[in-house]
Each structure stands twice: as structure tokens, then as C-alpha cells.
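Throughout, a chain's letter reflects where its sequence line sits, starting with A, and its residues are numbered from 1. Keep in mind that the numbers below use all heavy atoms, side chains included, and drop hydrogens, waters and symmetry copies.
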There are 2 protein chains.
Amino acid sequence: MKAEIIAIGTELLLGHIVNTNAAFLSQKLAEIGIDVYYQTTVGDNPGRLEEAIKKAAARSDIVITSGGLGPTVDDITIETIARLIKRKGVKWIRNNVGTAPGLITEYIGKTLIALPGPPREIEPMFEKDIIPYLKRLSGAKVSMISRSIKTTGLAESQVNGLVKDLLALKPPTTVGIYAKLGQVELKIMSKANDKAAARRSIAKIERKIRLKLKDRIFGYDDETLESAVGKILSKKRLTIATAESCTGGLLAHRITNISGSSDYFLMGLITYSNAAKIDILGVPEILIKDFGAVSEPVALAMADRIRIKAGSDIGVGITGIAGPTGGTKKKPMGLVYIALAAKNKKVVRELRFKGSREEVKFQASQIALDMIRRNI
Amino acid sequence: MKAEIIAIGTELLLGHIVNTNAAFLSQKLAEIGIDVYYQTTVGDNPGRLEEAIKKAAARSDIVITSGGLGPTVDDITIETIARLIKRKGVKWIRNNVGTAPGLITEYIGKTLIALPGPPREIEPMFEKDIIPYLKRLSGAKVSMISRSIKTTGLAESQVNGLVKDLLALKPPTTVGIYAKLGQVELKIMSKANDKAAARRSIAKIERKIRLKLKDRIFGYDDETLESAVGKILSKKRLTIATAESCTGGLLAHRITNISGSSDYFLMGLITYSNAAKIDILGVPEILIKDFGAVSEPVALAMADRIRIKAGSDIGVGITGIAGPTGGTKKKPMGLVYIALAAKNKKVVRELRFKGSREEVKFQASQIALDMIRRNI
């Protein structure tokens with residue numbers, strides 16, 4: 001079965017909001033084996049919406065609209081659909097979050113589904129009511145199973161080079177590559193009548209990828225680098241504390257995004273000023289004088305001091321220049337030192353990041369989390 | 001002039017990535033007075049792309065595609081366009097970030113522009129080369145001017161109620177309302193031949209909105225709550241320090257996202273454990289014993305102690321239950337106390353947030369920033 005998605009809203013055409021519904025709906029449809037060939041966005045204009053629905057219904061089995069269901073004059077979906085379907089029956093779908101219900105009806109023999117626009121309304125409604133409906137409708141024996149493999153520490157081109165042959169695979173089982181800042185993911189997808197066969201075929205490719213990417217892989221599917229680190233710390237019953245300068249609390253924020261992190265995260269200190277580094281954290285003043293606040297010895301001292309201060313097994317220290325100002329020729333913007341201290345181990349790395357202030361902060365937190373993961 | 005946007009990529013139809021280019025291009029086109037009536041997404045399929053370009057060119061003056069320009073077999077845009085335009089001339093657009101150049105050509109008398117897919121490639125190319133080109137093409141006298149007014153502390157329905165009459169305004173000058181977590185924005189847009197006239201008409205509406213929303217407004221256009229707070233702290237030459245429990249460093253992270261924050265942010269402490277609250281921060285143990293770690297007196301003591309420890313003008317203390325676990329009947333998940341301490345002033349608020357762990361953290365940081373803004 002083929003489906004098509006029509007997003008409705010002038011605010012989308014003005015670029016005031018990003019259409020996240022199209023990605024959400026497409027992904028969920030793919031999971032139950034329904035292909036999406038087109039996504040279209042139209043404004044709050046009955047004529048253009050009518051034309052878009054007609055076109056979509058002519059070439060697809062299922063048409064799903066999002067938006068335009070509310071009570072204001074801009075909300076044109078219901079009247080447009082009413083005009084198209086004349087007096088045919090409509091199945092209303094309860095909205096547990098907002099006020100406007102969704103609906104399922106039929107148009108020229110095709111299934112027409114209208115859903116609300118706000119993500120927090122459409123997402124639970126789609127999961128709870130529409131997916132089961134579409135599964136019954138399509139007799140969904142074919143389904144899409146996927147597996148994400150997440151890496152950090154390698155550039156997209158490096159991952160690409162390592163798994164080139166797998167990226168060229170043809171359906172039913174394919175591999176895609178997706179790069180984000182400081183992270184590259186491989187997604188194995190398999191479309192099959194037989195779920196067990198699809199899982200076997202995914203497992204086979206996953207083994208190949210693991211052999212190639214080894215310990216660059218930090219997690220799978222919904223795992224994040226911070227959840228992977230949390231899992232290891234919990235399992236090994238280790239505690240951690242952080243001393244951050246240029247990342248300004250981002251590392252602690254990411255660690256504490258994980259539920260249960262209070263079991264292993266003892267404390268964080270953000271020493272933005274030299275005075276705080278010396279007086280509160282206890283970094284020897286002479287180190288800052290001799291090497292500068294942004295230096296290997298200071299990062300190491302920060303990691304060591306916070307470990308002792310917090311009484312934790314592991315201490316992390318980060319010092320650098322997030323930019324856009326503050327850089328010099330010798331110590332340019334993006335220069336960051338990250339250190340990890342444990343009882344019998346000390347590691348420090350010098351990094352040179354590119355990008356905006358927030359991008360430098362994020363990349364530094366990413367490397368710090370990866371250093372924790374790889375050193376405990 | 002009317003434009004249409006076609007995004008190309010099977011990864012979009014699978015929902016693996018969100019189409020942010022459509023919003024970016026639409027917003028930029030609106031700013032130079034070019035209307036967008038349709039956004040379409042098609043996969044890496046030459047037949048369907050060809051059909052989409054034909055359809056778009058038939059009803060619009062400008063067709064802009066994004067994606068599919070790379071060197072792999074999936075990249076079908078160039079070959080498809082070549083087939084459509086036959087031997088017509090092509091103006092290549094240099095890509096300063098990635099490898100694939102963009103192009104401008106003509107198809108059935110309409111302007112056809114093909115741009116790369118990655119946001120970090122398409123955005124600078126569009127700003128640098130395509131906007132000037134389109135301005136010349138459209139003779140762009142009409143342009144869209146906009147002004148965003150940002151508020152926090154009021155729900156969308158409250159803001160809606162206060163400016164209802166303005167939200168009903170008809171073109172050329174209109175007002176839109178956009179709600180995000182902990183923040184509601186009003187966007188005034190004016191389309192006019194005469195920029196000065198458009199600016200006057202926006203200024204008039206802005207004055208009305210300011211009268212209604214008063215100090216709930218924290219900033220305009222690109223300002224954020226953290227940049228607004230930074231501006232006030234810089235101007236008043238005040239310094240700040242933070243003691244966070246449930247927000248886990250997010251408040252410090254947001255404050256330090258602002259370039260120049262090292263002038264006013266002295267230090268942050270993340271005291272996740274009671275031991276850290278008592279031993280490192282110096283919160284009296286008896287307060288935690290008598291009232292619990294999540295309580296008004298502990299939030300106040302945290303704010304006061306960090307202010308003294310850092311030697312800052314202002315101290316902020318946050319303690320709460322971010323969830324999803326750790327809540328009790330008396331102290332449920334989402335309960336957060338936020339305190340602000342200055343030399344002659346102490347303020348504390350009790351909040352009850354809904355949402356995920358990260359949403360609770362974000363909302364708490366939002367209120368804390370707003371308390372700083374409103375109390376200094």
C-alpha cells in the first residue's frame with residue numbers, strides 16, 4: 001500500500017514552523033510496511049487543499065492530512081473534506097490532548113485520514129488509533145524492521161569508507177548513513193513478510209558492521225551517548241563528578257538527563273573564573289600562571305581535584321575556548337583540553353573544534369562522554 | 001512572484017530526517033516578498049521528480065529543489081534536470097562548504113534552481129548567491145518585514161486572550177502566535193512596497209502588544225531569555241552564580257551559551273547528592289532533615305550559599321524532582337523550588353511542571369532565567 005501525507009498550514013509555507021509531522025508519520029508508516037511516495041504542504045486555502053487531496057487520492061491508497069482541524073476561520077480541513085466526500089460516513093477519532101478530533105473517511109475508494117497539526121496531539125492519536133486501523137486495513141504482513149547503530153569519534157567519510165559495501169546493498173535489506181554533529185549513525189532497514197527472517201538478515205549485517213566499527217559504536221536504537229555512559233557507570237557501580245569551564249555545565253546537564261543518574265553523578269562544578277578554579281576547586285595557582293587556564297595541566301588538575309572533592313571514582317575536567325571571542329594565535333577559538341582522572345589512571349586530550357560557540361560546547365561534551373565510556 | 005519548493009530524498013520519505021530546508025527557504029523567500037504556495041517532497045526517483053518539477057513549473061514562477069546533487073547513484077537531480085531542459089544554459093553556483101555545486105537554469109520559461117540538501121551547505125549558498133539573484137529577478141520592491149515579540153510566564157491561551165483583536169488582523173499586516181515550551185511568541189508581519197510604511201505599521205502594532213503584555217515580554221527577534229538576562233547583567237555590572245540540583249547544570253549551560261558571559265557568570269555548582277549540598281555548598285544539614293532536600297528553605301539556602309561562596313551579587317538555587325521516578329504523594333514529580341538571593345532581596349517560588357524529565361528541567365531553567373530578569 002502507498003500513502004501520501006499532506007500538511008496544511010500557512011505558517012509552514014511562511015517557514016515559521018518546521019514540519020516535523022511529515023517525518024513522524026513517514027517513519028511510523030514505514031514501520032508497518034506502508035510506503036510514502038510524496039509529502040506535500042499547502043496553506044490554509046480550500047481550493048489548493050482540495051486539489052492536493054484529489055491529486056494524492058488519484059495516485060495513492062491512503063491520504064493523511066495534518067493540521068487545519070481547529071475551530072478558527074483558518075481551519076479549513078473539515079469543510080474541504082466535507083465538500084469532497086459529500087454525505088459519506090465519517091469515523092471520528094478522539095483527541096485526548098487537544099480539542100479537535102481526527103477523522104477517517106473514504107474518498108473515491110481511497111482512505112482519507114485527517115489529523116490535528118500540533119505534534120503533541122497528532123503523535124499519540126496516530127500511535128493509539130491510526131496505526132492499529134492501518135494495520136487492519138493493509139492486512140500488514142509486510143513490515144519494516146530497523147536497527148540503528150550509533151558511533152562517535154569518526155567522521156562520516158571514515159564510517160562511509162569502512163562500510164562502503166554495505167551502503168550499496170539493495171532492498172529488501174538496506175543500510176543508510178546519517179551524520180549529526182559529533183555522531184554518525186548507520187541504520188539497517190529490512191522489509192519482510194517474515195519478521196524473523198528480517199531480524200536474521202539485520203543481525204547478519206549488524207555483525208559485519210560491529211567487526212568494522214568496533215568500539216566506536218556506543219549504542220543502538222534509542223540509546224544516547226549519555227545513556228550508554230550511565231549504563232556502564234551503573235553496572236560497574238562507579239561514581240563521577242565533573243569540573244567544567246568552557247562547556248559551562250553542558251556535560252553535567254547531559255549526564256543528568258538520564259533518569260537514575262543521581263545514583264552515579266555526585267556533583268558538578270562550573271568554574272568559569274580563574275578565582276573559582278583556584279579558590280573553590282583547588283587548582284594550584286602556579287599551573288594557571290605557568291601554563292594558562294586553557295592547558296593540559298589545568299584540565300588534569302581540574303579532573304583530579306573534583307574527584308577528590310566529590311569523593312567520586314572518576315573526575316572529568318574540561319577547559320577551553322568556546323568562542324567566538326577569547327582566542328589567540330597560540331590558543332585559538334575551539335581549542336579544548338579534556339581530562340579524566342581515576343584512582344590509578346589519568347588521561348588528557350587536546351582537541352581543536354570548529355563551529356559556533358554552542359557547537360564547540362556540544363562537541364567537547366561529546367568527546368568527554370566518549371572518554372568516560374572508553375576509559376572505565 | 002510565486003515559488004515552489006521540492007525536497008528530494010528517500011531519507012525524508014522514510015522519516016529519517018526532518019525537512020528543515022523547506023522552512024528555511026520559505027522564510028527567506030517571504031522576506032523578499034516571494035510567496036510559497038506548495039512544498040513537496042519526493043524520493044530519489046527520477047520519474048516522480050520529473051513529474052514534480054513539471055507540475056511545479058506549470059503553476060509557479062520559480063521552482064527550487066534541495067538535495068540529490070551529490071556524486072552517488074542516489075543523486076538524481078542533475079540527470080533529471082538535464083533531461084528536462086535539454087541543452088539550455090546552466091549557471092553553476094559555487095559550494096563553499098560541500099562538494100556539489102548548485103545551479104540556476106530555465107525550464108518552460110520558469111526559473112529552476114537546484115541546491116544541495118545538507119542545511120549547512122544550502123543555507124550559506126542561498127543567502128550569498130540565490131537571494132541576490134531572486135531579488136534582481138523579481139525586481140523585489142515588495143518585501144516582507146517581520147518583528148517577533150517574545151514572552152514567557154503566560155500560557156498560549158492567556159496571550160491569545162490579551163491580543164485577540166490583533167490576531168484577527170488581515171493583510172498586509174498580520175500577527176501570528178507561536179507557542180513553544182515555556183515561551184509564547186507573537187510575530188508581526190508586514191508586506192509592503194514601501195519598507196518605511198511597513199515598519200511604521202509594525203511599530204504601531206508593537207506598541208499595542210507592549211501595552212497588553214508589559215513585562216512578560218523578555219525580548220525581540222533573535223533574542224533569547226538567556227541573552228536578555230545577559231544584557232541586563234552586563235548593563236548593571238552584576239555578577240551571578242548558580243546552585244542547581246534537579247536542573248543538573250542546564251541553567252549554567254544556558255547562561256554560558258551567551259558570548260561574553262564570563263564577564264558576569266562566576267561559578268555554578270551542581271549538587272546532586274545531599275552530601276554535596278551540605279559539605280560542598282554549605283546548606284545546613286538541619287534544613288534538609290526538617291524540610292527535605294526539595295523544599296523552599298533548601299532552595300533559599302542554596303541561592304544564599306552559592307552567592308556567598310562565589311562572591312557574586314546574585315545567587316540562584318534550584319531543587320526539585322525532575323522525574324520520571326523519585327516523586328511521592330506529598331512531593332510529586334515536577335515539583336521544583338527556585339530561589340534567588342541578592343544582598344537585600346530573597347525570592348522563592350514553588351512550581352509544579354508537567355512533562356518528561358528534560359521538559360521539567362527546561363521549564364525550571366526558563367522560570368529561573370525569568371526570575372533573574374524580573375528581580376534585578
Side-chain angles (χ1 to χ4, degrees), chain A residues 11-20 22-30 36-43 45 48 176 178 187 189 242 247-253 255-257 259-262 265-273 275-276 280 309-311 323-326 357-358 361, chain B residues 11-20 22-30 36-43 45 48 176 178 187 189 242 247-253 255-257 259-262 265-273 275-276 280 309-311 323-326 357-358 361:
Chain A
E11 67 276 22
L12 291 162
L13 293 182
L14 286 167
H16 292 164
I17 56 174
V18 170
N19 183 5
T20 56
F24 169 80
L25 295 171
S26 297
Q27 191 170 354
K28 293 294 165 185
L29 289 166
V36 174
Y37 282 178
Y38 297 93
Q39 299 162 346
T40 310
T41 302
V42 294
N45 177 295
R48 285 193 283 273
Y178 301 94
K187 189 156 184 167
M189 282 161 294
T242 55
T247 44
L250 175 57
L251 177 61
H253 168 51
I255 292 175
T256 61
N257 272 347
S259 177
S261 52
S262 53
F265 181 73
L266 299 190
M267 71 173 275
L269 193 52
I270 302 144
T271 53
Y272 234 50
S273 66
I280 311 288
K309 209 167 176 71
T325 60
R357 183 177 179 87
E358 287 188 51
K361 286 177 77 173
Chain B
E11 67 277 22
L12 292 162
L13 294 181
L14 286 167
H16 292 164
I17 56 172
V18 170
N19 181 6
T20 56
F24 169 81
L25 295 171
S26 298
Q27 190 169 353
K28 293 293 166 186
L29 289 166
V36 174
Y37 282 179
Y38 296 92
Q39 300 163 345
T40 310
T41 303
V42 295
N45 177 294
R48 285 192 283 274
Y178 301 95
K187 188 157 185 165
M189 283 161 293
T242 55
T247 45
L250 175 57
L251 176 60
H253 168 50
I255 291 175
T256 60
N257 273 347
S259 176
S261 52
S262 53
F265 182 72
L266 299 189
M267 71 173 275
L269 193 52
I270 303 145
T271 52
Y272 233 50
S273 65
I280 310 290
K309 210 167 175 69
T325 59
R357 182 178 180 88
E358 288 189 49
K361 286 177 77 173

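- For A:Asn257, the parts lying under 4.5 angstrom from a heavy atom of chain B are both the backbone and the side chain.
- Of all the listed residues (A:Gly260, A:Gly43, A:Ser262), the one sharing the greatest number of non-hydrogen pairs under 4.5 Å with chain B is A:Ser262.
- Only the side chain of A:Tyr178 has a heavy atom closer than 4.5 Å to any heavy atom of chain B.
- B:Ala276 pairs by the side-chain contact (heavy atoms from CB on, under 4.5 Å) definition with A:Met267, B:Thr271, B:Ser273, B:Ile280, not counting sequence neighbours.
- Within the 4.5 angstrom heavy-atom criterion, atoms from both the backbone and the side chain of A:Lys309 approach chain B.
- Most heavy-atom pairs under 4.5 Å with chain A, from the set B:Pro324, B:Ser259, B:Gly311: that is B:Ser259.
- Contacts with chain A were tallied for B:Thr256, B:Leu250, B:Thr325; B:Thr256 has the most, counting heavy-atom pairs under 4.5 Å.
- The most heavy-atom pairs under 4.5 Å with chain A, out of B:Ala252, B:Ala22, B:Gly268, come from B:Gly268.
- Heavy-atom distances place no part of A:Thr242 under 4.5 Å from chain B, backbone and side chain included.
- A:Ile17 touches chain B through backbone and side chain together, each having a heavy atom under 4.5 Å away.
- The backbone N or O of A:His253 sits less than 3.5 Å from a side-chain atom of B:Lys361, completing a donor-acceptor pair.
- Interatomic distance, B:Met189 CE to A:His16 NE2, rounded to the nearest 0.5 Å: 4.5 Å.
- For A:Arg357, the part lying under 4.5 angstrom from a heavy atom of chain B is the side chain only.
- Residue with the most contacts toward chain A among B:Thr247, B:Asn45, B:Val42, B:Leu12: B:Leu12 (heavy-atom pairs, distance under 4.5 Å).
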Practice task
Output, in order, the C-alpha distance, side-chain angles, deciding distance and verdict of side-chain contact (heavy atoms from CB on, under 4.5 Å) for B:Ile270 and A:Phe265.
Solution key: CA-CA 10 Å; B:Ile270 303 145; A:Phe265 181 73; 3.7 Å; yes

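- Residue contact with chain B, scored on non-hydrogen atoms closer than 4.5 Å, involves the side chain of A:Ala30 exclusively.
- Under the side-chain contact (heavy atoms from CB on, under 4.5 Å) criterion, B:Leu13 pairs with A:Val36, A:Gln39, B:Thr41, sequence neighbours left out.
- Between chain B and the residues A:Gly249, A:Ser26, A:Ala275, the largest count of heavy-atom pairs under 4.5 Å involves A:Ser26.
- Interface remark: of the candidates B:Gln27, B:Glu358, B:Arg48, B:Arg48 forms the most heavy-atom pairs closer than 4.5 Å to chain A.
- Interface summary for chain A: among B:Gly176, B:Ser261, B:Gly323, the most heavy-atom pairs under 4.5 angstrom belong to B:Ser261.
- A:Lys187 has its side chain out of reach of B:Leu14: every pair of non-hydrogen atoms, C-beta onward, lies at least 4.5 Å apart.
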